[in-house]
2 protein chains.
Amino acid sequence: MTKTAHTRLGVPTRTAEDWEEAALDVIASGGIAAVSIPELARTLDVTKGSFYWHFTGLDDLVRRAVARWDRLDKETLDQIRTIEDPVVRLRTLFAEAMAAQRAQSLYLALAVSPSPDIGAALRKVSSRRLKLLADTYRELGMTELAAQQQALLAYSAYIGGVHLRSNDAPWLRETRDVRAYVEHASMALIEPSRRKTKR
Amino acid sequence: MTKTAHTRLGVPTRTAEDWEEAALDVIASGGIAAVSIPELARTLDVTKGSFYWHFTGLDDLVRRAVARWDRLDKETLDQIRTIEDPVVRLRTLFAEAMAAQRAQSLYLALAVSPSPDIGAALRKVSSRRLKLLADTYRELGMTELAAQQQALLAYSAYIGGVHLRSNDAPWLRETRDVRAYVEHASMALIEPSRRKTKR
DNA sequence: TATCTTCCATACCGACAAGTATGGTCTGAA
DNA sequence: TTCAGACCATACTTGTCGGTATGGAAGATA
């Protein structure tokens, strides 16, 4: 199954995916500006010679790393979309989202990038997530507009929760705090949707 | 009232506040990593010689710029705290928060910084905001725990809304969209608190 | 074994930012 | 008018990064 990567003195040689993964780690922890070829080379235990064989330049790496993040996010969402019960799906969505640590930091780091390409990628990911949310709320009986508004609010609550979790703030540090938060958010963001949401 | 700043050939000389303001602008638009002394010097139309007279180094500038942001944020909150009606106070808080563009970008940019000092400053600001929210919800009759949970959720919704507004995404671009969002959020985050929130 | 390809090391260049040293110029006060 | 201090320009050093050029060692292939 593993595509028998090339080896060199026993150890496998670095793939483009290796570089992309390392780049995503750096972006998640230090932002896009922290991505430097020498540093990545050090963590991968190679030199720049390897980098420029796999990529044409720094922009190329960032582009492909972000594209990889996009794919990974899509896979996760496709998984959750298979859940039948809309309420369970929403709760799973919140819980799952609050658990994926690197994906969170990645989103936050990419969100503050002034690059138009990254902005486009971010909008793509966000719109996909919002669509899943809105669809689910519509399944719960909400009107098109109400579902969209509710999706925006729920997504905002998610993003905000992610923010509060970062910076090891004292608010959502313990897992039981996170669970309580998800519980509360679900109460506020799911339960009301069962009422007649007509103004 | 204006403290008669020194002048030079007619025009006033640069103050440390000028540098801090310029730094905050850069941080808001490009992140902390984008802060460079030559670039700031260019926008202020001076050279590095000026910078190193006002500051000991780059860390000094960032530290004092963040401290300035902290003070500005505190002033805004103290203003809102004077509003009597808790509901009006909350609505004002949301609306005001969604309107202050640079303060938003600043928060997002600082939030992804790995620096422990900045992390501490961010926690200070966040805890101040959360305290105001929790106090207000408690005024609305919620229990201590419920008020705290609700404050976390409301703050998350705010942060998330800020996020959605950045990256000129198509979701909260128009002011009427923002108003509708604030309206919807207020409905979801303020109205329920008037019910008996006893589990 | 001979050769081709894959992957990487090394050396080098230009650009640019942080920081230092130093001297100059303008202003306000004595 | 003189002078001390506030404010800044200039020149320079050091370090690091992006990018290029080039050669070489290890696997694959015949």
Side-chain angles (χ1 to χ4, degrees), chain A residues 2-27 29-66 109 113-115 117-118, chain B residues 2-27 29-66 109 113-115 117-118:
Chain A
T2 45
K3 254 190 295 181
T4 66
H6 288 205
T7 65
R8 189 185 178 94
L9 286 178
V11 302
T13 59
R14 275 58 172 184
T15 66
E17 284 79 19
D18 291 335
W19 284 93
E20 294 169 7
E21 273 298 314
L24 288 180
D25 285 341
V26 170
I27 293 174
S29 64
I32 288 190
V35 178
S36 84
I37 299 167
E39 182 183 328
L40 289 179
R42 276 190 290 272
T43 69
L44 290 176
D45 206 48
V46 283
T47 65
K48 300 193 303 181
S50 171
F51 175 82
Y52 285 100
W53 191 89
H54 289 290
F55 303 91
T56 68
L58 194 57
D59 294 342
D60 187 30
L61 169 65
V62 173
R63 233 173 23 86
R64 288 162 66 178
V66 170
S113 164
S115 157
D117 291 336
I118 292 179
Chain B
T2 45
K3 258 191 290 181
T4 65
H6 289 205
T7 65
R8 189 186 180 93
L9 288 179
V11 302
T13 59
R14 274 58 172 183
T15 65
E17 284 78 19
D18 291 335
W19 284 93
E20 295 168 7
E21 272 299 312
L24 288 180
D25 285 341
V26 170
I27 292 175
S29 64
I32 289 190
V35 178
S36 84
I37 298 166
E39 181 183 329
L40 289 179
R42 275 190 291 272
T43 69
L44 291 176
D45 207 46
V46 284
T47 65
K48 301 192 301 179
S50 171
F51 174 83
Y52 286 100
W53 191 90
H54 290 289
F55 303 91
T56 69
L58 195 57
D59 293 343
D60 188 30
L61 169 65
V62 173
R63 231 173 26 85
R64 288 162 66 179
V66 170
S113 164
S115 158
D117 291 336
I118 292 178

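Here is how names work: the chains are called A, B, and so on, in the same order as the sequence lines, proteins then strands, and each is numbered from 1. Just so it is clear, the structure is predicted and the values come from calculations on it, not from any experiment.
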- Query: Given atom CZ of B:Phe55 and atom P of C:dT20, what is their separation to the nearest angstrom?
  - Reply: 15 Å
- State, to 0.1 Å, how close B:Glu39 and B:Ala34 come at their nearest heavy-atom pair, and which atoms those are. OE1-O, 3.9 Å
- Query: For the residue pair B:Trp19 and B:Ser50, what are the closest heavy atoms and their distance?
  - Reply: NE1-OG, 3.4 Å
- Can you tell me how far P of C:dA18 sits from CG of B:Leu58, to the nearest Å? 6 Å
- Shortest non-hydrogen pair, B:Ser113 vs B:Ile118, comes out as OG-CD1, 3.5 Å
- Query: Do the non-hydrogen side-chain atoms of A:Leu61 and A:Leu40 ever get within less than 4.5 Å of each other?
  - Reply: yes
- Whole Å only: how far is the CG atom of B:Asp59 from the P atom of C:dA17? 17 Å
- Item | Whole-Å distance separating the CD1 atom of B:Ile37 from the C1' atom of C:dA17 | 8 Å
- Query: Starting at OH of A:Tyr52 and ending at P of D:dT20, how long is that distance when rounded to a whole Å?
  - Reply: 7 Å
- Message: I need the CD1-C1' distance between A:Ile32 and D:dC17, as an integer number of Å.
- Response: 17 Å
- Task: Using a 4.0 Å heavy-atom cut-off, write out nucleotides 8-16 of chain C from 5' to 3' as B (base contacted by protein), S (sugar-phosphate only) or - (no contact).
- Result: BBB------
- Query: Within the distance-only criterion (no hydrogens, no angle test), does the side chain of A:Arg14 pair as donor or acceptor with the backbone N or O of A:Leu44 below 3.5 angstrom?
  - Reply: yes
- Can you name the closest pair of heavy atoms from A:Thr13 and A:Asp18 and give their distance? O-OD2, 4.1 Å
- Query: Atom CG of B:Asp60 to atom P of C:dA18: distance rounded to whole Å?
  - Reply: 14 Å
